[in-house]
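The structure under discussion appears below in the form of structure tokens.
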Amino acid sequence: MAFQAARLALGLMLALPLAACQTDATLTNVVSSYGFSRNLPPSTLYGPGSLVYRANFDPADTRMAEVRIDYLCTDRYSVALYPSPPRSSDTETQGLASQKGGSFALDLPALRSLFNVDLSANAAGSVVATIADTKILAYAPDELAEIRALLRPACRDSVQRNIKTNNAWQVAKVLQATVDLTVTLKAGASGSVKAEAVRKLVDAGFTLDAANTTLTSKGKALYYGVRLEPVNAL
């Protein structure tokens with residue numbers, strides 16, 4: 001029933017007109033409002049329990065609205081040794097769907113952060129995102145501690161080295177979502193500008209429509225948000 005209610009709420013929002021143009025920064029703010037850092041770029045890596053470090057680490061950045069992370073050690077020497085999978089929250093999933101579901105406009109920086117595509121302002125008329133199928137996956141604090149107790153020696157050494165620089169973290173929760181993007185090219189753009197835009201988007205996995213004016217990317221379930229817990233000792 002909860003799943004059906006969430007899908008109904010999502011369908012109602014899709015039927016509503018857009019209230020306002022939201023930017024890539026707005027997407028970061030939405031993720032932050034639920035207690036997550038925006039994961040740049042979104043991926044299926046760094047799930048709950050993973051031991052990671054923050055790239056370009058700035059100790060003064062305590063808000064951590066956006067983070068770029070990488071593995072301290074492979075999951076097979078850490079979280080894969082733990083017998084229980086992370087829990088998912090249907091209640092939070094329903095709440096996120098009702099808050100985030102539907103379509104909204106993005107600006108060009110969104111293409112850079114989501115797909116590493118840099119389009120000319122003369123090429124793209126609009127970028128519209130549709131977010132659906134949100135889910136939260138999480139381990140409890142005691143489970144995170146049990147995962148750390150299972151670390152293989154090489155993994156433990158890697159984490160210990162980063163503890164000394166205060167840049168050792170464990171992923172406690174992730175916000176998983178599917179984001180579909182539609183890019184409509186400007187009608188007045190020159191042929192060369194359109195051709196270059198199409199090339200970049202197709203290379204990034206977009207599909208061009210029959211009229212050669214709209215490109216779509218069907219999203220995957222990726223981790224758009226992460227909640228990191230500092231690891232201070234093993």
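All of these numbers come straight from a predicted model, not from anything done at the bench.
For an aromatic pair to be called close, the ring centres must be under 6.0 Å apart, and Tyr53 with Tyr71 fails this. Checked against the 6.0 Å centroid criterion, the rings of Tyr223 and Tyr46 do not qualify as a close aromatic pair.
Rounded to the nearest 0.5 Å, atoms CZ (Arg161) and CG (Asn167) are 13.0 Å apart. Once rounded to the nearest 0.5 Å, the distance linking CZ of Arg152 with CG of Asp157 reads 13.5 Å. Distance check: Asp75 CG to Ser50 OG gives 3.5 Å after rounding to the nearest 0.5 Å. Here the CG-CZ distance, from Leu51 to Arg156, works out to 9.5 Å after rounding to the nearest 0.5 Å. Going from atom CZ of Arg87 over to atom NZ of Lys173 covers 8.0 Å, rounded to the nearest 0.5 Å. In this structure, Ile136 CD1 and Gln176 CD are separated by 11.0 Å, a value rounded to the nearest 0.5 Å.
Of the candidates Leu137, Asn39, Leu222, Val174 forms a side-chain contact (heavy atoms from CB on, under 4.5 Å) with just one, namely Leu137.
Shown here for Leu151 and Ser78, the closest heavy-atom pair between the two residues is CD2-CB, 3.4 Å. Taking every heavy atom of both residues into account, Ala177 and Tyr224 meet most closely at O-CE1, 3.4 Å. Annotation for Leu150 and Leu81: closest pair O-CD1, 3.2 Å, computed over non-hydrogen atoms. Between Val171 and Gly47, the closest heavy-atom pair is CB-O, 3.3 Å. Here the closest heavy-atom approach between residue Ala187 and residue Lys194 is recorded as O-NZ, 3.7 Å. The minimum heavy-atom distance linking Thr44 with Ala221 is given by the pair CG2-O, 3.5 Å.
Residues forming a side-chain contact (heavy atoms from CB on, under 4.5 Å) with Ala65 (at least two apart in sequence, or on another chain): Thr28, Ser32, Arg63.
A distance-only check finds no donor-acceptor pair linking the side chain of Ser158 to the backbone of Cys155 [under 3.5 Å]. Between the side chain of Ser37 and the backbone N or O of Met64, at least one donor-acceptor pair lies under 3.5 Å. In this structure, Thr74 contributes its side chain and Tyr77 its backbone to no donor-acceptor pair below 3.5 Å. Judged by distance alone, with hydrogens and angles left aside, the side-chain atoms of Glu143 form a donor-acceptor pair with the main-chain N or O of Ala140 at under 3.5 Å.
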>> Run Leu185 and Thr214 through side-chain contact (heavy atoms from CB on, under 4.5 Å) and show every step you take.
In response: CA-CA 6 Å; Leu185 302 179; Thr214 301; over 6 Å; no

> Which is it for Leu228 and Val52 under the side-chain contact (heavy atoms from CB on, under 4.5 Å) test, yes or no, and what are the steps along the way?
Replying inline: CA-CA 9 Å; Leu228 302 180; Val52 300; 4.1 Å; yes

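Clustering ILVMFWY residues whenever any of their side-chain heavy atoms sit less than 4.5 angstrom apart, transitively, puts Val193 in a cluster other than the one holding Val183. Ile69 and Leu45 fall within the same hydrophobic cluster, where Ile, Leu, Val, Met, Phe, Trp and Tyr residues are linked whenever their side-chain heavy atoms come under 4.5 Å apart, directly or through other members.
Using a 4.5 Å heavy-atom cutoff, the side chains of Arg148 and Val231 are in contact. Residues Leu215 and Val198 meet the side-chain proximity criterion, which asks for heavy atoms closer than 4.5 Å. Counting only heavy atoms from C-beta outward, the side chains of Leu234 and Gln160 approach each other to under 4.5 Å. Counting heavy atoms from C-beta on, the side chains of Val127 and Thr182 never come closer than 4.5 Å.
Salt-bridge formation is detected for the pair Asp61/Arg54: a Lys NZ or Arg NE/NH1/NH2 atom is positioned less than 4.0 Å from an Asp or Glu carboxylate oxygen.
Note on residues 156-179: no pairs pass ring pair (Phe, Tyr, Trp, His ring centres under 6.0 Å), not counting sequence neighbours. Applying the salt bridge (charged side-chain N to carboxylate O under 4.0 Å, His left out) rule to pairs touching residues 201-212 yields Arg199-Asp203, sequence neighbours excluded.
Applying the 6.0 Å contact sphere to CG of Asp70 captures more than 12 heavy atoms from other residues, nucleotides or ligands.
Relative to the ring axis of Phe36, Arg227 places its NZ or CZ within 45° and under 6.0 Å from the centre.
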